[in-house]
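These notes concern the structure reproduced below.
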Amino acid sequence: MSAVKGDVGKIMFHNAAGTEADISGTRSWSLSVSKDTLETTVQGDTAKTFVGGLLSGEGSAELIYDPDGNSDYQAFIDDVLVTGDAGDALFELFPDGGTSAKKISFSGIITSAEYGATLGETETINISFITTGAITSAI
């Protein structure tokens, strides 16, 4: 079994107005996918039964603050400011940036951005997002 180091992951992002591009300065990303469950137990059963329901996901990304970041970087951190967001931004999360076929893809909405500066530390921006629609995994 081979292991992949976390330092080779990457994020690609494409909002409605831009083109798909690598987001520079990422330190980390995470995605949690959950599935609703629907109970199907009927009278007379001796144990509960369930079926899987709808999928949803939410995640986050941590970026190094780059005041000179390119337009793709800027679009990613500014997407939280879009009101009436149609959820048409494309996210692609890569566990291994060198393997373009291994990715998780979905449309999503950036729901929050947290900006911070701490004495003696690198300035970061923490982005949170939710998925909307299908989540495709090719990892």
Side-chain angles (χ1 to χ4, degrees):
M1 179 179 133
S2 63
V4 177
K5 299 185 308 179
D7 63 346
V8 295
K10 74 175 182 178
I11 298 174
M12 292 190 79
F13 177 75
H14 171 232
N15 68 8
T19 57
E20 183 178 41
D22 285 348
I23 302 303
S24 61
T26 57
R27 291 185 56 161
S28 65
W29 62 261
S30 68
L31 175 68
S32 297
V33 178
S34 61
K35 183 187 305 184
D36 293 341
T37 54
L38 308 168
E39 187 174 348
T40 58
T41 310
V42 296
Q43 291 178 333
D45 286 350
T46 58
K48 288 185 174 187
T49 56
F50 298 87
V51 296
L54 300 174
L55 298 175
S56 64
E58 60 182 65
S60 64
E62 182 181 36
L63 303 134
I64 299 290
Y65 172 63
D66 181 1
D68 299 321
N70 65 25
S71 61
D72 300 312
Y73 172 92
Q74 206 60 49
F76 185 63
I77 63 173
D78 287 346
D79 205 64
V80 72
L81 303 174
V82 175
T83 59
D85 195 325
D88 54 2
L90 172 65
F91 290 75
E92 291 181 327
L93 308 178
F94 295 82
D96 181 351
T99 308
S100 62
K102 303 285 187 186
K103 63 184 176 182
I104 303 167
S105 304
F106 55 89
S107 291
I109 298 171
I110 294 180
T111 58
S112 69
E114 180 182 348
Y115 309 88
T118 302
L119 179 65
E121 295 183 16
T122 305
E123 291 185 32
T124 59
I125 302 171
N126 293 295
I127 304 286
S128 296
F129 52 83
I130 60 169
T131 64
T132 179
I135 302 168
T136 304
S137 175
I139 60 171

Those residues that, when tested against Q74, pass side chain to side chain contact (heavy atoms under 4.5 Å, CB included) (two or more places apart): I77, D78
On a heavy-atom basis, the closest approach of I139 and K103 is CG2-N, 3.6 Å
Rounded to the nearest 0.5 Å, how far does CZ of F106 lie from CD of E92? 9.5 Å
Which pair of heavy atoms, one from F94 and one from K102, lies closest together, and at what distance? CD2-O, 3.4 Å
Per the side-chain contact (heavy atoms from CB on, under 4.5 Å) rule, which among V80, D85, D79 passes with I109? D85
Interatomic distance, K10 atom NZ to L93 atom CG [nearest 0.5 angstrom]: 11.5 Å
Show the nearest heavy-atom pair for residues L90 and E20, with the distance to one decimal. CD2-OE2, 3.9 Å
Sequence neighbours excluded, which residues qualify as side chain to side chain contact (heavy atoms under 4.5 Å, CB included) partners of T26? I11, I23, L63
Could you tell me if the side chain of S137 sits less than 4.5 Å from the side chain of I104, heavy atoms only? yes
Carefully, step by step, assess T136 and S105 under the rule side chain to side chain donor-acceptor pair (under 3.5 Å). CA-CA 5 Å; T136 304; S105 304; 5.8 Å; no
Look at the side-chain heavy atoms of Ile, Leu, Val, Met, Phe, Trp and Tyr, link any pair under 4.5 Å apart, and say whether L81 and I127 land in one connected group. yes
Could you state the interatomic distance from CG (L55) to NZ (K35), rounded to the nearest 0.5 Å? 6.0 Å
Distance-only, no hydrogens or angles: does the T124 side chain make a donor-acceptor pair with backbone N or O of I64 under 3.5 Å? no
Please say yes or no: joined through hydrophobic side-chain contacts below 4.5 Å, possibly via intermediate residues, are I135 and I130 part of one cluster? no
Quick one: are T131 and L31 in side-chain contact, heavy atoms under 4.5 Å? yes
Determine, using ring centers only, whether F13 and F129 are less than 6.0 Å apart. no
Closest non-hydrogen atom pair, A47 against T41: O-CG2, 3.9 Å
Report yes if the side chains of V82 and I110 come closer than 4.5 Å at any heavy-atom pair, otherwise no. no
How far apart are the closest heavy atoms of G87 and S107, and which atoms are they? O-CB, 3.4 Å
Is there a donor in the side chain of S60 and an acceptor in the side chain of S128, or the other way round, less than 3.5 Å apart? no
Is it the case that atom CD in E58 sees more than 12 heavy atoms from other parts of the structure closer than 6.0 Å? no
Minimum heavy-atom distance between Y73 and D66, given as atom pair plus value: OH-N, 2.9 Å
